[in-house]
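Notes follow the structure.
All values below come from the heavy atoms of this structure, side chains included, with hydrogens, waters and symmetry mates left out. These figures come from a predicted structure and were not determined experimentally. Naming convention: chains lettered A, B, ... in sequence-line order (proteins, then strands); numbering from 1 in each chain.
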Protein chains: 2
Amino acid sequence: MAVRENYSRKRNAIYQAICSTKSHPNAEWVYEQLKPQFRDLSLGTVYRNLKKFCEDGKAISVGVINGQEHFDADTTPHSHFVCDRCQSISDIYKPFFSEELLKSLNEEYGVSVTSNEVLFHGVCKECLERE
Amino acid sequence: MAVRENYSRKRNAIYQAICSTKSHPNAEWVYEQLKPQFRDLSLGTVYRNLKKFCEDGKAISVGVINGQEHFDADTTPHSHFVCDRCQSISDIYKPFFSEELLKSLNEEYGVSVTSNEVLFHGVCKECLERE
DNA sequence: ATAAAAATAATAATAATTATCATTTTTATA
DNA sequence: TATAAAAATGATAATTATTATTATTTTTAT
């Protein structure tokens, strides 16, 4: 018997796949990535597990970009940059919202903020250099 | 002949519909809203025009929220708040990104930022009061 | 070793959005 | 005003991403 794991073998592989990249993949990417290793992998399993990771706080959804949901195993607070040329998604590690600012939202708008997502659009370094 | 309009009658009506609300509607809402007036309105026409407004800079996409794209005729820089209870979307008029900050992104990450979207999640005032 | 629980594969179903194309409306201009 | 060209639309089909279903397999607990 193998070493005790928290997950099923495939669930583990899916989690490791999203941990192995900073490309903020979608379900399709993960599926293609793991297909060679797990020839009987089902796309539904990838979707199911990515959703589960988000529910369990082990991943976050970067949002729906160009019609497809993208994921990130990095759950620390950070923002994202989408290149409108090559569609790449990269991280922006810059704190935008202080505690006070979020608190001021609560006061000014009467809302209770639990999370936020910041998405920048533009042209990435690589595409800028190419152009 | 009627007063000269920039648009076809239906396109005008769709634009006025999204201008008439701060609810950040999706295509379905606009369609239901206009159906009584235009009994032969087609949902495809709504989708086509909402997309066109975004391309022409007369509206923006708030993003895909719970599987549906939402729109806003207010194109001035502002952010959005999504209530995870009642799914309402409201405006947050607070400038988060100064010119210097955006410039610093260019310098630190080598990217050229052209736009940004900020989405807060949480519980809205009305739902908080109800709970 | 084995029974119960959980996860999966295969597939069907769903839902939002986009494409197609014949018809209608609008626009430009004679 | 009439009319031809261009643009927009309705109806519908197609597409695409995602979710649901269910029989089977894997994992877990004992």
- request: Run the ring-centre check on B:Tyr109 versus A:Phe120 and record whether the distance is less than 6.0 Å.
  value: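 No, too far apart.
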field: Interatomic distance, A:Asp84 atom CG to A:Phe81 atom CZ [nearest 0.5 angstrom]
entry: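 Between A:Asp84 CG and A:Phe81 CZ, I get 7.0 Å after rounding to 0.5 Å.
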Gap between atom CG of B:Leu41 and atom CZ of B:Arg39 - 0.5 Å precision: 12.5 Å
- request: To the nearest 10°, let me know how far the axis at one end of the helix from C:dA1-D:dT30 to C:dA30-D:dT1 is tilted from the axis at the other, five pairs an end.
  value: 40°
message: Closest approach to the side chain of A:Glu69, judged atom by atom: which nucleotide of D:dT9, C:dT8, D:dT18 is it?
response: D:dT18
Given atom [atom1] of [X] and atom [atom2] of [N], what is their separation to the nearest angstrom?
X: A:Arg11; N: C:dT8; atom1: CZ; atom2: C1'; result: 10 Å
X: A:Gln68; N: D:dA17; atom1: CD; atom2: P; result: 5 Å
X: B:Phe71; N: C:dA16; atom1: CZ; atom2: C1'; result: 11 Å
X: B:His70; N: C:dA15; atom1: NE2; atom2: C1'; result: 14 Å

Side-chain donor-acceptor contact under 3.5 Å, B:Lys51 with B:Tyr47: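 No, B:Tyr47 and B:Lys51 have no side-chain donor paired with an acceptor closer than 3.5 Å.
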task: Return yes if some donor-acceptor pair links the side-chain N/O of B:Thr114 with the main-chain N/O of A:His121 below 3.5 Å, else return no.
output: yes
query: Does anything in residues 27-43 of chain B reach DNA chain C, meaning a heavy atom under 4.0 Å, and if so which residues?
result: none
- prompt: Can you list, by residue number, the residues of residues 48-55 of chain A that have a non-hydrogen atom closer than 4.0 angstrom to DNA chain C?
  reply: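 The answer is A:Arg48, A:Asn49.
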task: Examine B:Lys10 relative to B:Phe38 and say whether NZ or CZ is less than 6.0 Å from the centre of the six-membered ring and inside a 45° cone about the ring axis.
output: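 No, a cation-pi geometry is absent between B:Lys10 and B:Phe38.
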